[in-house]
Amino acid sequence: MPPTGEGRPVPPLLGRQEECAALDALLGTVRDGLSGALVLVGEPGIGKTRLLDFAAAQASDVLVARVVGMEAETQLGFAGLHRLLLPFLDRTPALPPPQRAALGAAFGLVAGPPPDRFLVGLAALTLLSDVAVERPLLCLVDDVHWLDRETVEVLAFIGRRLQADGIGMVLGTRDEQPVGQVLAGLPVLALHGLAAPDARRLLLETGGTVAPGAVERVIEETGGNPLALLELGGEQITGPLSPAPLPVGPRMEAHFLRRVRTLPADTQTLLLLISAASTGDPGELWQAATDLGVGLDAAEAAVAAGILTQRDRLAFRHPLIRSAVYGGAVTADRRRVHLALADAAGPGSDQRIWHLAEAAPGLDEDVAAQLERASERAGSRGGYAAQAMYLSRSAAMTPDRQERTRRLVAAAQAHFLIGDAVKAQTVLTQLTSDPDTPVGRASVQRLRASIASMFGQVKVAASMLLTAIGEAAPHDERLARDMAFDALTAALITREHTAGTTLEEFCRAIRAMPWQVSDRSPVTDRLVEACTVRITEGHVRALPLMRAAVAALCTDDLVQAGMPISFVGCFAAEECWDDRGFRAVAERILMLSRERGGLHAVNDTLKALASCELYAGRFDLAEAYFGEAQEIDRAMGIPEGPAHRVELLAWQGRVEETRAAAAVAINDWGGGFGVATMANHAHYTLCLLELSLGNYPEALASILRACRGDLPGEGNRMLPDVVEAGVRAGDRASAEAAYARLADQAEATATPWALGLLARAGALLAGDEHAEPLYQQAIARLNETLIVTELARAHLLYGEWLRRRKRRADARVQLRTAYDMFTAMGAAGFAERTRVELLATGEQARRRDPRTEHDLTPQERQVAGLAADGVTNAEIATRLYITASTVEYHLNKVFRKLGVTSRRQLGAALRTDA
């Protein structure tokens, strides 16, 4: 067994053939110019670090970047990312300006607003990709569970986007939350204990003496954990073991601590210093050691005992040893080393302030104020997890009760901002009393309502906020108005499930508030006015206000706009039957939200844009938007699943998947969480599915469940489906009632979208002599819109009507058009319904797989579409959060599939393909 030169031999790597093969395969992929990621997950001591060592040893022809998570740095936003990228930061001037600015702000190198975390991730990915152009790159990251949250999110972002960059990433972490949640979606290799033969060999080859009778018990109780086997194998066990539990798992720290206690006092002091240090700066460490009277030779005994390793710097051989040293120290000794580290860090650094806080014997307003200032600096860099931690520590050290309350509330808000609602709620429970001002109390209630929403209790948010709005209004009208916007959003989402009030009661209460709204008011105020008028006074009265709000969303300064604005803004555009306004609002809010780093708003708006693509029949692009939104859901801990994309599944004709997703939306989101919008949308999509299958009574039953009462927003576009399902199912009364409501709205809005669907619905109800002009009018009007799916359905319905009138030749023209449109977009159910109609006209329509002939993936089509519009590779990379190398990789595949040789040919080829 080869020695390390550090006091302990390296144990053999046994029983890891499968894991080593996976790492070799990843390296082979990287050498071929492609990319991949792998997460090694397992308990402490299971061998994650050894496997990373193996990967590094196998990568002699590959550039290796390696970093280890440090528990003391978990409060320093982007600290781990900075250490990973440090060797390559000289390349940052070549980054696109937005990426360069985001990375500089994250690392505190330039002043600016908090950076978008996704833009920071893209900057890091671009930087690594530039390095890999010259030589394939392998990034090895150990102890990911001890990295700061921002770094973990960036690593997950990079890992999900590695495609054609010559980059490999291997992450080692314990099986813990929330790290596992953030890394969800990356390939995982779970590590388990060694099999008995390998465990026995390791135990007997570690240099100690283990009595034969003790071997099997050691293997059984350790579960084959290599670290435990290594430690116990190094002992002199010459007789039977005592009945006491062996030092495995939590007991391993006590085992390490006993070994540390045998070392000289100076060595123990140095170990405590290293365990408390928040940076790897050896200068600061040795300055602190000198101040404590510890000499350079104090490390020798720890290295000889295998407690420390000494490669490029002193470090603990295993993280559990560090935990044992720090956790086992007496409080006075910990304070002493923190004070020495604070002095060594020098004035002005955040590390100094943190060490001063750890060294303080009790409450200290001066240190608390310094921690709060450090939190502000962290927040300005986008290090919201660090901001929350500094604020929490600041509050804990604050003597004044009200000042402590203020800081606790700020800490809870910071935790909520990073999507950690559990921690935010935990911090709020530390309040001994609410703030002593109406504004302060209202702010706390607003945060509590937001946390309740994150916990799936959005139905209580409106009533929670209503009282707070009234209390805050006389003292801070802006806060009251903003809370009214938050509460309105919650009430629109929960509708009939709103607890403690009703949607109409809430809107009437807001209408009674003593404030005025003008053309100069923030767009959120104008949306509140428009929506409350819509609920209390009806569509026609609210229409001018809705149109003005949609226009303002496209042009006004949206600096006051928070997370819900995309939902309410798109609601207003739908209420106006404004398809172009819907897309314009969603695209603008997405652009601004990405610039400002608002993950909630980005997430919400991506789903709105996915709806735009569904309207347009571009299902592959809708899938791409849903995929990006799902990644943000993972980052924020929002439950994943198919419920958000249920309409896409219905259009694609995926019958069982649609019904399963709709059941989740109706039962879990609607019935459980009170999210009426998702339940109603699911009923609508079930109607859509049943219409595509020709199951008209079932379609009518589904849509009537969603279309109860005067449902605003999405309820508008349900009305034409009520007409179709009602006519075909023989329920003319329901069809005529829906048509009457649709006519009122269409005549008031007079947009091509509304008038086209009104004409189509009218044709279904009309007699033979009036139907045909209405079908033709519907097609003409819908041709003016972006709503391709509804246009295709108009051709289908017109073709069906013509066939039933024995006009087979005319019917074939309409049905062929519909069939080609449905198959091009991938609407399998409607394509099959149309094919059957074509067969009835005597035309042998070939059953086709309802996808494009060349089968472009969603991201390939997205990249190709942008390239055809003249967007450069670098701009495409920034917009889609991928690298320029990946853009080029996708374009090369698109060129081959479409048979083109230049970007100029892409537009025509894509149109032909569709």
Side-chain angles (χ1 to χ4, degrees), residues 70-82 102 104-117 120 147-153 178 278-279 338 341-342 345-360 362-431 435 440 443-444 446-447 450-451 596-599:
M70 298 173 64
E71 191 173 5
E73 283 190 358
T74 54
Q75 79 276 14
L76 303 177
F78 298 108
L81 182 66
H82 183 265
F107 293 161
L109 303 175
V110 298
D116 175 0
R117 275 178 277 178
V120 173
L147 290 171
D148 58 278
R149 183 186 176 101
E150 289 80 9
T151 293
V152 179
E153 289 178 352
S278 57
T279 70
H338 276 296
L341 288 165
S349 75
D350 291 347
Q351 289 79 18
R352 170 182 169 80
I353 296 163
W354 186 261
H355 286 306
L356 284 175
E358 294 299 298
L363 303 180
D364 188 321
E365 174 56 31
D366 179 60
V367 174
Q370 291 186 61
L371 285 165
E372 185 172 19
R373 288 193 289 273
S375 78
E376 293 167 359
R377 289 191 292 272
S380 70
R381 298 190 297 268
Y384 299 119
Q387 181 183 30
M389 189 171 295
Y390 279 125
L391 282 167
S392 297
R393 193 73 178 94
S394 173
M397 299 196 66
T398 303
D400 181 76
R401 182 178 62 84
Q402 279 302 313
E403 189 69 0
R404 181 168 62 254
T405 295
R406 182 185 66 79
R407 286 168 175 160
L408 281 172
V409 172
Q413 288 171 332
H415 281 297
F416 183 77
L417 187 63
I418 62 173
D420 194 345
V422 174
K423 189 69 180 223
Q425 186 179 55
T426 300
V427 172
L428 283 183
T429 61
Q430 299 172 31
L431 294 177
S443 298
V444 171
R446 185 186 192 187
L447 181 57
S450 299
I451 293 171
R596 297 169 186 175
L599 286 187

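As the structure is a prediction and not an experimental result, all values here were calculated from the model.
Under the salt bridge (charged side-chain N to carboxylate O under 4.0 Å, His left out) criterion, Arg407 pairs with Glu365, Glu372, Glu403, not counting sequence neighbours. Every residue was checked against the side chain to side chain donor-acceptor pair (under 3.5 Å) condition with Gln425, not counting sequence neighbours, and none meets it. Under the rule for a side-chain contact (heavy atoms from CB on, under 4.5 Å), the partners of Leu363 that lie at least two apart in sequence or sit in another chain are Pro399. Under the ring pair (Phe, Tyr, Trp, His ring centres under 6.0 Å) criterion, Phe78 pairs with no residue, sequence neighbours left out. The side chain to side chain donor-acceptor pair (under 3.5 Å) test applied to Arg401 returns Ser433, not counting sequence neighbours.
In terms of modelled atom types and a separation under 3.5 Å, the side chain of Ser375 and the main chain of Leu391 share no donor-acceptor contact. The backbone N or O of Ala388 sits less than 3.5 Å from a side-chain atom of Ser392, completing a donor-acceptor pair. No donor-acceptor distance shorter than 3.5 angstrom exists from the side chain of Thr398 to the backbone of Arg404, with no hydrogens or angles considered.
Phe416 has its side chain out of reach of Lys423: every pair of non-hydrogen atoms, C-beta onward, lies at least 4.5 Å apart. Side-chain contact between Glu150 and Leu81 is absent, with no heavy atoms from C-beta onward closer than 4.5 Å. Using a 4.5 Å heavy-atom threshold, the side chains of Leu428 and Ile451 count as touching.
When all heavy atoms of Val427 and Ala411 are compared, the closest pair comes out as CG1-CB, 4.2 Å. Here the closest non-hydrogen pair linking Gly80 and Asp148 is N-OD1, 3.0 Å. The heavy-atom pair separating Val409 from Leu447 by the smallest distance is O-CD2, 4.0 Å. Here the closest heavy-atom approach between residue Asp366 and residue Asp364 is recorded as N-OD1, 3.0 Å. The shortest heavy-atom contact between Val120 and Ala106 is CG2-CB, 4.0 Å.
The CG atom of Leu408 sits 12.0 Å away from the OG1 atom of Thr426 when rounded to the nearest 0.5 Å. Atom-to-atom distance recorded for Leu371:CG and Met389:CE is 12.0 Å, nearest 0.5 angstrom. How far OG of Ser443 is from CD of Gln413: 6.5 Å, rounded to the nearest 0.5 Å.
The aromatic rings of His355 and His338 are tilted relative to each other, their planes meeting at an angle between 30° and 60°.
Within the structure, salt bridge (Lys or Arg N to Asp or Glu O under 4.0 Å) contacts touching residues 349-358 (residues at least two apart or in different chains) are Asp343-Arg352, Asp350-Arg377, Asp350-Arg381, Glu358-Arg393.
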